[in-house]
Amino acid sequence: MNVDLVVVGSGFFGLTVAERCAAELGLRVLVLDRRDHIGGNAYSEDEPETGIEIHRYGAHLFHTSNERVWEYAGRFTRFTGYQHRVYSTFKGRVYPLPINLGTICEYFGRAFTPDEARALIAEQAAEISAGHEPRNLEEKAVSLIGRPLYEAFIRGYTAKQWQTDPLDLPAEIITRLPVRYTFDNRYFGDTYEGLPADGYTAWLERMADHRNIEVRLDTDFFDLRGDLAGNVPVVYTGPLDRYFGFAEGELGWRTLDFEMEVKPTGDFQGTPVMNYADEDVPYTRIHEFRHFHPERRHYPDDRTVIMREFSRSAERGDEPYYPINTAADRARLLRYREMARREDGVLFGGRLGTYQYLDMHMAIASALGMVDNRLRPHFTRGERLISGGVDR
Ligand code: FAD
Ligand code: UDP
C-alpha cells in the first residue's frame, strides 16, 4: 500500500492527525472508517423533510479556551455566535440550568440576593460537614447545592442517565456542573463558543480535503490489518479493548438511544435543549435542532425536528458514548495501556482509543499534541514510534 501513515477513524482526532501529517509533514495518509460517513460522532446531516441540520449522535456544542485549537478550527469553518443555555422541567415547571440565582429564586419562590442565597444553600448543605471528603455523587452534589435542589434537579436525572444509584457513582461526574450565585445561565464558561456556520460535516470534510489524504469509508481496520501489519505506522482511534481482541475483558460504556420526530409546528419547546428532571419521564432531555441556528432563514416555519434522548448501558454492538469507569474498568484500562505501550508502530488516541470522555476541543488538542510529540519526531528525525503510554 502506497501510504506513509494509516489513521483508523475519521472523527476529530483522526482527521486532525491526518490533516496535519498531510499538510505540514507532506505525508500520504490513508484514513479508514467503518461507518458510511466521515466525522465520527460529530457528524451532522440535514433532516430530509425539513432541511434542518441534525446531529445524528447527539447534540454537539463547540466551546474551548484553548487558543491553538480555536485558531486551528477557524481554518476550516466560520462560527456563529451561538451560546448554549439549558432549562430543566421538574413537576411541570421550568427552571434555568446550571443551578444559578435564577433557579434558586424560582425554586424557593422568592427573591434572594446572592448573599442570602449562599447562606440558604450553606444551611441546606450542612449535613455534609466541611472538611469531609464527599464519597459519591450524592454527597458531592448535596455539599454543593444542598439537599432540596439535589433531589429536584439531580437525583432523578442522574438515576435515569446512569441507571445507577447516585450513592454508587463517583463524585467527579457532578463537578462538571457549575453552581452560580448570579443570574448568569450560560452553560459553558469557555472563552470561545459557537457552532460551525455551515454545519459540522462541512467543517470535517474541509479537514479531509487534501490531495495527500485518501478517506476510505465502510472499511473496518480489522479486515485490512493483515495487509498493513508492521508495514506502515498506524494511528488507531477505535475502541482500545477491541484492538486487543478483548483479551482483558470489555471496558464499560454507556450508550444513548435517540428518538427523532418531525412535529407540525414551527416551535416545539422554544429552546434548543430541555432537560427532564422527573424520574417518571423516561427520557433525559429533548433537543430541538432549529434553535441551534436561529440565524438560518431557510428553516420552515411550520415544522420542526425534535429528538428525545434515552440513556442505558451499552452492550456489544451498541455505540459506545460515555466511559462508565468503574473500579474494574480502571484496572482493565491499566492492563490495556500496558499492552498499548508494547505495540510498536501503533499510536492510540481519541476517546475510544484512550477510554476517556473528550470534548471536541480536547480531541483536537490531544491530536495536535500527538503530531508534535510523536509523529513529527518519527517522520522528520526517525525516532521510534511507540506510545510511551497512551497519548492523551
Ligand atoms: P469519534 O468521533 O468517536 O471517532 C472515532 C471513529 O473511529 C468513528 O467514526 C468510528 O466509526 C471509527 N472506528 C472505530 N473503530 C474502527 C475500526 N475498527 N475501523 C475503522 N474505523 C473505526 N463534544 C463537545 O465538544 N461538545 C459537545 O456538545 C459534545 N456532545 C457530545 C454528545 C455525545 C452524545 C457524545 C457521545 C459526545 C459528545 N461530544 C461533545 C464529544 C465528541 O463527540 C468527541 O470529542 C469527538 O467525537 C471525539 O472524536 P474522536 O475522533 O476521538 O472519536
Ligand atoms: N445532571 C443532572 N441534571 C441535569 C443535568 C446534569 O443531574 O439537568 C448531572 C448528571 O449526573 C450528568 C452530569 O450532571 O451526568 C453532567 O451533566 P452534563 O450536562 O455535562 O452531561 P452530558 O453532557 O455528559 O450528558
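Both counts, for ligands and for their atoms, begin at 1 and track the order of listing. Treat the numbers as computed from the prediction; the structure is a model and nothing was measured.
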Inspect the contact between Glu248 and Arg337 and indicate whether a charged nitrogen and a carboxylate oxygen are less than 4.0 angstrom apart. no
I'd like the name of whichever of Tyr321, Phe258, Phe221, Tyr43 reaches closest to atom 19 (N) of ligand 1 through any heavy atom. Phe221
Could you check whether any side-chain heavy atom of Arg376 comes within less than 4.5 Å of a side-chain heavy atom of Glu24, counting everything from C-beta outward? yes
Looking only at N/O atoms, are Gly238 and ligand 1 under 3.5 Å apart anywhere? no
Check ion pair Glu214-Arg216 (N to O, under 4.0 angstrom): yes
Per-atom contacts, ligand 1 versus Gly40 - under 4.0 Å to a heavy atom: 2 (O), 4 (O), 8 (C), 9 (O)
For Leu61, counting its heavy atoms only, list the atoms of ligand 1 lying under 4.0 Å from any of them. 24 (C), 25 (O), 26 (N), 27 (C), 28 (O)
Per-atom filter on ligand 2: closer than 4.0 angstrom to a heavy atom of Tyr322 are 22 (P), 24 (O), 25 (O)
Measuring from atom 30 (N) of ligand 1, which candidate in Gly58, Gly11, Ala367, Ala59 has the nearest non-hydrogen atom? Ala59
Does the N or O separation between Trp162 and ligand 2 drop below 3.5 Å for any pair? yes
Any nitrogen or oxygen of Asp220, main chain or side chain, under 3.5 Å from a nitrogen or oxygen of ligand 1? yes
Under 3.5 Å, N or O to N or O, is His60 touching ligand 1 that way? yes
Min N/O separation Asp359 to ligand 1 under 3.5 Å: yes
Below 3.5 Å, N or O to N or O, backbone or side chain included: is there any such pair between Val8 and ligand 1? no
Among Arg35, Arg351, Arg242, His55, whose heavy atom sits nearest atom 52 (O) of ligand 1? Arg351
Does any N/O atom on Tyr357 come nearer than 3.5 Å to any N/O atom on ligand 1? yes
Applying a 4.0 Å heavy-atom criterion (strictly less than), which segment of Val86 is in contact with ligand 2: side chain, backbone, both, or neither? neither
With the threshold set at 4.0 Å, does a side-chain nitrogen-carboxylate oxygen contact exist between Glu261 and Lys263? yes
Under a 4.0 angstrom heavy-atom cut-off, which atoms of ligand 2 come close to Ile174? 9 (C), 14 (O)
Take the angle between the ring planes of His84 and Tyr187 and call it parallel below 30°, perpendicular above 60°, tilted in between. perpendicular
Parallel under 30°, tilted from 30 to 60°, perpendicular over 60°: which one fits the rings of Tyr236 and Phe348? perpendicular
Hey, is Thr219 touching ligand 1 through its side chain, its backbone, both or neither, going by heavy atoms under 4.0 Å? backbone
When only distance counts, is Phe13 in polar contact with ligand 1, meaning an N/O pair under 3.5 Å? yes
Nearest protein heavy atom to atom 49 (O) of ligand 1, by residue and atom, and its distance? Phe12 N, 3.7 Å
SB check Asp372 Arg68 (cutoff 4.0 Å): yes
d(Cys21 SG, Phe379 CZ) to nearest 0.5 Å is 6.5 Å
Electrostatic pair Arg147:Glu127 at N-O distance under 4.0 angstrom: yes
Can you tell me how far CG of Asn66 sits from CG of Asp359, rounded to the nearest 0.5 angstrom? 12.0 Å
Minimum-distance protein heavy atom relative to atom 8 (C) of ligand 1: Asp33 OD2, 3.5 Å
With a cut-off of 3.5 Å and sequence neighbours excluded, list every side-chain donor-acceptor pair involving residues 107-115.
unit_1 : atom_1 : unit_2 : atom_2 : d
Arg110 : NH2    : Glu116 : OE1    : 3.3
Thr113 : OG1    : Glu116 : N      : 3.1

Considering only protein heavy atoms, which is closest to atom 21 (N) of ligand 1, and at what distance to one decimal place? Arg34 N, 3.2 Å
Using a strict cut-off of 4.0 Å, indicate which atoms of ligand 1 neighbour a heavy atom of Tyr57. 33 (C), 34 (C)
Which option, Asn275, Ile173, Leu169, owns the non-hydrogen atom nearest atom 5 (C) of ligand 2? Asn275
Name the orientation class of the two ring planes belonging to His60 and His55 (parallel below 30°, tilted from 30 to 60°, perpendicular beyond 60°). perpendicular
Which ligand 1 atoms, with their elements, are less than 4.0 angstrom from a heavy-atom of Leu256? 34 (C)
With under 30° as parallel and over 60° as perpendicular, where do the rings of Trp70 and Tyr192 fit, or are they tilted in between? parallel
With a 4.0 Å cut-off, would you call Asp318 and Arg254 a salt bridge? no
Do NZ/NE/NH1/NH2 and the carboxylate oxygens of Arg186 and Glu193 come within less than 4.0 Å? yes
protein heavy-atom neighbour closest to atom 7 (O) of ligand 1 works out as Gly9 CA, 3.2 Å
Suppose I only count heavy atoms of Ala363 and a 4.0 Å limit; which atoms of ligand 1 are within that range? 48 (C)
Any heavy atom of Pro239 sitting closer than 4.0 Å to ligand 1? yes
Can you tell me how the ring of Tyr72 sits relative to the ring of Phe76, calling it parallel under 30°, perpendicular over 60° and tilted otherwise? perpendicular
Taking the non-hydrogen atoms of Gly349, is any one of them nearer than 4.0 angstrom to ligand 1? no
Could you check whether atom CD of Glu315 has more than 12 heavy atoms from other residues, nucleotides or ligands sitting under 6.0 Å from it? no
Numbered in order shown, the ligand 1 atoms found under 4.0 Å of a heavy atom of Phe222 are 18 (N)
Look at ligand 1 and say whether Phe62 reaches it with a heavy atom at a distance under 4.0 Å. no
Got an N/O contact under 3.5 Å between Leu137 and ligand 2? no
Can we say Arg78 and Asp198 salt-bridge, meaning some charged N sits less than 4.0 Å from an Asp/Glu carboxylate O? no
From the candidates Leu224, Thr237, Thr16, the one that places a heavy atom nearest atom 5 (C) of ligand 1: Thr237
Considering only heavy atoms of Gly350, which atoms of ligand 1 have at least one such atom less than 4.0 Å away? 52 (O)
Region of Tyr322 engaging ligand 1 - heavy atom pairs below 4.0 Å: side chain
Are Phe62 and Trp203, when compared by the centres of their aromatic rings, separated by less than 6.0 Å? yes
For atom 18 (P) of ligand 2, tell me which residue out of Tyr95, Tyr157, Tyr187 has the closest non-hydrogen atom. Tyr187
Option set Leu358, Asn41, Leu32, criterion heavy-atom distance to atom 41 (C) of ligand 1, minimum: Leu358
Less than 6.0 angstrom separating the ring centers of His287 and Tyr57, yes or no? no
With respect to atom 23 (O) of ligand 2, which of Arg285, Glu309, Gln161 exhibits the smallest heavy-atom separation? Arg285
Between His63 and ligand 1, is there a nitrogen or oxygen pair with a distance under 3.5 Å? no
